[in-house]
Engineer: 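One structure, as structure tokens, below. Some questions next.
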Amino acid sequence: MKNYIVPARKRNIYIASFEKGLSRERSENVLPIKYAYDVSNFDYSKGALTRSLGFAPIYSELAEIGTHTYPHSITNAVKMWFYRRFDPIQNIRDDRIVFITNEFRLFYFKVKGDRQVKPITDKIYFTSVPSCLCYRYLSRDVLVLTSPTDNMVIVDDETITAVVDAPKITSMAIHYERLFATVSGEASSVWFSDDFNPTNWTLSLSEAGFIEMLDERGRLLKVISFLDYLFVFREYGISRITAFAEQTSYSVAQLFVSSGKLYDKTITLCGNKILFLSDDGFYVFDGLSSRSVLPEISEIIDVADRCFAKSSYSNGKYYISCKIKSFELNNDVKTDVLIVIDTETMEFNIIKHTEILDILQINSDDYSVSFCLAKTENNTSEILEINNTGCYNSVPLVKKWRSPFTDLSEPNKLKTLRSISVCTSEDIKIIINSESESQVVFLKGSSGVSSALVCITGKRFGFEFVSTSLNPNISSPLLSFFVKETAL
């Protein structure tokens, strides 16, 4: 009997650019290798894998001041708001962050200077978490706070005034000097206050009133003033209210009907458009029509988890905090992430660190900064500033990019991976998997190409880059295989 040598051909996998990013539109088995099937904490918008966003706890600044320890009240915070305020006595800006605890107590600290946390009041006004907006009332900057179960309150510095005849409000917006609001209960009416007076809700043709909407679009979720109209986002559609002058001339038009439910906490005004998440995925609304976007990531957010998602907008970026299907192999658990979407290009990055409870953008005369309220490992809360360091509290976040599995378009051929090379400025770990085995390779960072010899056999392969460095820069990976032909 003769022995035959099984011939083998050399095949390469080369990724010229990582800019295609993540895609979950198709099965991992048919997804091109230039896409990622798992990516977190890397930015890939310029083709290489580099660091993305990071977080800095504000208690580090408090510690530097030397007069305070981390305030206990913040560890119980569940929601926060920006109080844009000008101090008329000192004639200076006095912008603040106001937050409410799980005991419904209100506190604040100043955005600039000594961030000492102070209570607004010792009295408890709420039994559920309120919504909030800034308003110029009687020539003073105030906060209007409302909840579905409690009276409206107006905060002026550290003075609180209750408005007992206001409806129980779920969302609100200022439009042509009236306060428009959706309300609790049947949630089928948009209420509006008197002109220039959010405390007057007396129903009359010259003061306050309401507009009822009873149709198939469902409950009223959120109102947004946009492009000179008031848009009402509902469970299954969008309505537009024209409200320029006297209330007797108000009119309603129906613009959009959805087969899937809209989620109110994801509906966010983003400059010249509004983004939101529904059962059908992400949508962009331009004031006239809606179009579906980002199908590559819509599938990673389970419909059952979309009601927990929440969003914010800052400097051309739409931030959405949500739970996604785990990227880990053989793991069905959910992961808390922050997805950052460029509202012009629809490119996105996924930041994986901890559960984000709230996101807050602060824009003032001389600064622009984003904060988030996050859970700690001890299940308490902390307020973090979102930055571009790729770190949490100066420690680099773990960054991962994982390819889909590929059979090199030869599903029945046995292959052996013999070498891998990549341009990397910092040390990295590479995990290589076949359907039957795995191997871990460590490469040193250099100014040129780093390479390693490997030996792993299988019919299908996937690989993963892992970095714990401060400034990674990974590009141009090349994997060399030998493909065995069928024996004679």
Side-chain angles (χ1 to χ4, degrees), residues 79 81-84 98 100 125-138 141-156 160-215 217-235 237-253 262-269 274 276 310:
K79 181 73 176 174
W81 308 276
F82 178 43
Y83 182 5
R84 185 181 292 105
V98 174
I100 192 168
Y125 283 87
F126 297 100
T127 58
S128 60
V129 176
S131 55
C132 172
L133 60 76
C134 296
Y135 188 75
R136 186 77 171 175
Y137 181 55
L138 300 178
D141 292 323
V142 301
L143 276 186
V144 181
L145 291 161
T146 64
S147 90
T149 57
D150 306 289
N151 292 325
M152 173 191 291
V153 299
I154 294 180
V155 177
D156 181 0
I160 291 186
T161 304
V163 183
V164 296
D165 61 344
K168 302 296 188 289
I169 293 174
T170 56
S171 83
M172 54 187 168
I174 300 298
H175 182 72
Y176 282 89
E177 303 309 326
R178 291 184 190 265
L179 181 62
F180 285 79
T182 58
V183 298
S184 59
E186 189 177 359
S188 60
S189 301
V190 173
W191 285 63
F192 52 88
S193 71
D194 191 10
D195 291 64
F196 300 98
N197 190 355
T199 68
N200 184 1
W201 295 88
T202 303
L203 296 177
S204 77
L205 290 177
S206 61
E207 296 175 278
F210 66 90
I211 302 168
E212 196 153 34
M213 300 181 189
L214 296 172
D215 56 50
R217 290 168 181 81
R219 293 170 59 86
L220 280 55
L221 303 177
K222 189 168 185 175
V223 286
I224 294 180
S225 180
F226 177 52
L227 299 177
D228 286 332
Y229 295 98
L230 187 78
F231 292 93
V232 185
F233 287 78
R234 306 170 65 179
E235 277 188 307
I238 303 173
S239 302
R240 183 186 69 199
I241 298 177
T242 302
F244 296 135
E246 297 299 324
Q247 58 175 285
T248 52
S249 65
Y250 290 1
S251 62
V252 179
L262 279 61
Y263 294 97
D264 60 320
K265 294 178 183 178
T266 70
I267 303 167
T268 301
L269 178 60
I274 296 172
F276 62 90
K310 53 192 76 71

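Because the structure is predicted, anything quoted here is derived from the model rather than measured.
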Engineer: To the nearest 0.5 Å, what is the distance between CG on Leu203 and CZ on Phe192?
Structural biologist: 8.5 Å

Engineer: Give, for atom CD1 of Ile174 and atom CZ of Arg136, the distance between the pair rounded to the nearest 0.5 Å.
Structural biologist: 13.5 Å

Engineer: For a quick test of reading the model, state the closest non-hydrogen atom pair linking Ser206 to Asp194 and the distance between them.
Structural biologist: O-OD1, 3.6 Å

Engineer: Regarding Lys168 and Asp150, does a basic nitrogen lie under 4.0 Å from an acidic carboxylate oxygen?
Structural biologist: no

Engineer: May I ask you to decide if Asn151's main-chain N or O and Tyr125's side chain share a donor-acceptor pair within less than 3.5 Å?
Structural biologist: no

Engineer: Shortest non-hydrogen contact from Val98 to Tyr83?
Structural biologist: CG2-CB, 3.9 Å

Engineer: Evaluate Ile154 against Thr199 for side chain to side chain contact (heavy atoms under 4.5 Å, CB included), listing each step before the verdict.
Structural biologist: CA-CA 9 Å; Ile154 294 180; Thr199 68; 3.4 Å; yes

Engineer: Taking atom CD1 of Ile160 and atom CG of Leu145, what is their separation to the nearest 0.5 Å?
Structural biologist: 7.5 Å

Engineer: On a heavy-atom basis, which atom in Arg234 and which in Met213 lie closest, and how many Å separate them?
Structural biologist: NH2-O, 3.6 Å

Engineer: Given Thr161 and Tyr137, is the side chain to side chain contact (heavy atoms under 4.5 Å, CB included) satisfied, shown in steps?
Structural biologist: CA-CA 12 Å; Thr161 304; Tyr137 181 55; over 6 Å; no

Engineer: Quick check for you: to the nearest 0.5 Å, what is the distance between Asp165 atom CG and Asn200 atom CG?
Structural biologist: 7.0 Å

Engineer: If we ignore angles and hydrogens, is there a donor and acceptor under 3.5 Å between the side chains of Ser171 and Thr182?
Structural biologist: yes

Engineer: With sequence neighbours left out, write down each residue that passes side chain to side chain contact (heavy atoms under 4.5 Å, CB included) with Ser189, or none if nothing qualifies.
Structural biologist: Trp191, Phe210, Glu212

Engineer: Using side chain to side chain contact (heavy atoms under 4.5 Å, CB included), reason through Leu179 and Tyr135 one step at a time and then give a plain yes or no.
Structural biologist: CA-CA 9 Å; Leu179 181 62; Tyr135 188 75; 5.9 Å; no

Engineer: For Glu186, enumerate each residue passing the side chain to side chain contact (heavy atoms under 4.5 Å, CB included) test, keeping only those at least two apart in sequence or located in another chain.
Structural biologist: Ser188, Leu214

Engineer: Has Lys79 got a side-chain atom pairing as donor or acceptor with Val129's backbone, closer than 3.5 angstrom?
Structural biologist: no

Engineer: Partners of Ser193 by side-chain hydrogen bond (donor to acceptor under 3.5 Å, both in side chains), sequence neighbours excluded?
Structural biologist: none

Engineer: Report yes if the side chains of Pro167 and Trp201 come closer than 4.5 Å at any heavy-atom pair, otherwise no.
Structural biologist: yes

Engineer: Any idea which heavy atoms bring Leu221 and Leu262 closest together, and the distance?
Structural biologist: CD1-O, 3.5 Å

Engineer: Taking side chain to side chain contact (heavy atoms under 4.5 Å, CB included) as the definition, give me every residue that meets it alongside Thr146, ordered by chain and number, with sequence neighbours left out.
Structural biologist: Ser131, Val144, Met152, Ile169, Met172

Engineer: Taking only distance into account, with no hydrogens and no angle test, what donor-acceptor pairs under 3.5 Å do side-chain atoms of residues 224-232 form with protein atoms, sequence neighbours excluded?
Structural biologist:
| residue | atom | partner | partner atom | Å |
| --- | --- | --- | --- | --- |
| Ser225 | OG | His175 | ND1 | 2.8 |
| Asp228 | OD1 | Tyr176 | OH | 3.2 |

Engineer: For Arg219, which residues count as a salt bridge (charged side-chain N to carboxylate O under 4.0 Å, His left out) partner, sequence neighbours excluded?
Structural biologist: none

Engineer: So which heavy atom on Tyr250 is nearest to which on Arg178, and how close?
Structural biologist: OH-NE, 2.9 Å

Engineer: Look only at the side chain of Gln247 and the backbone of Ser204, and say whether a donor-acceptor pair between them is shorter than 3.5 Å.
Structural biologist: yes

Engineer: Tell me, do Phe276 and Ile238 make a side-chain contact under 4.5 Å, heavy atoms counted?
Structural biologist: yes

Engineer: With a sphere of 6.0 Å drawn around NZ of Lys310, does it hold more than 12 non-hydrogen atoms of other residues, nucleotides or ligands?
Structural biologist: yes

Engineer: Between Ile274 and Thr268, is the side chain to side chain contact (heavy atoms under 4.5 Å, CB included) condition met? List the steps.
Structural biologist: CA-CA 6 Å; Ile274 296 172; Thr268 301; 5.9 Å; no

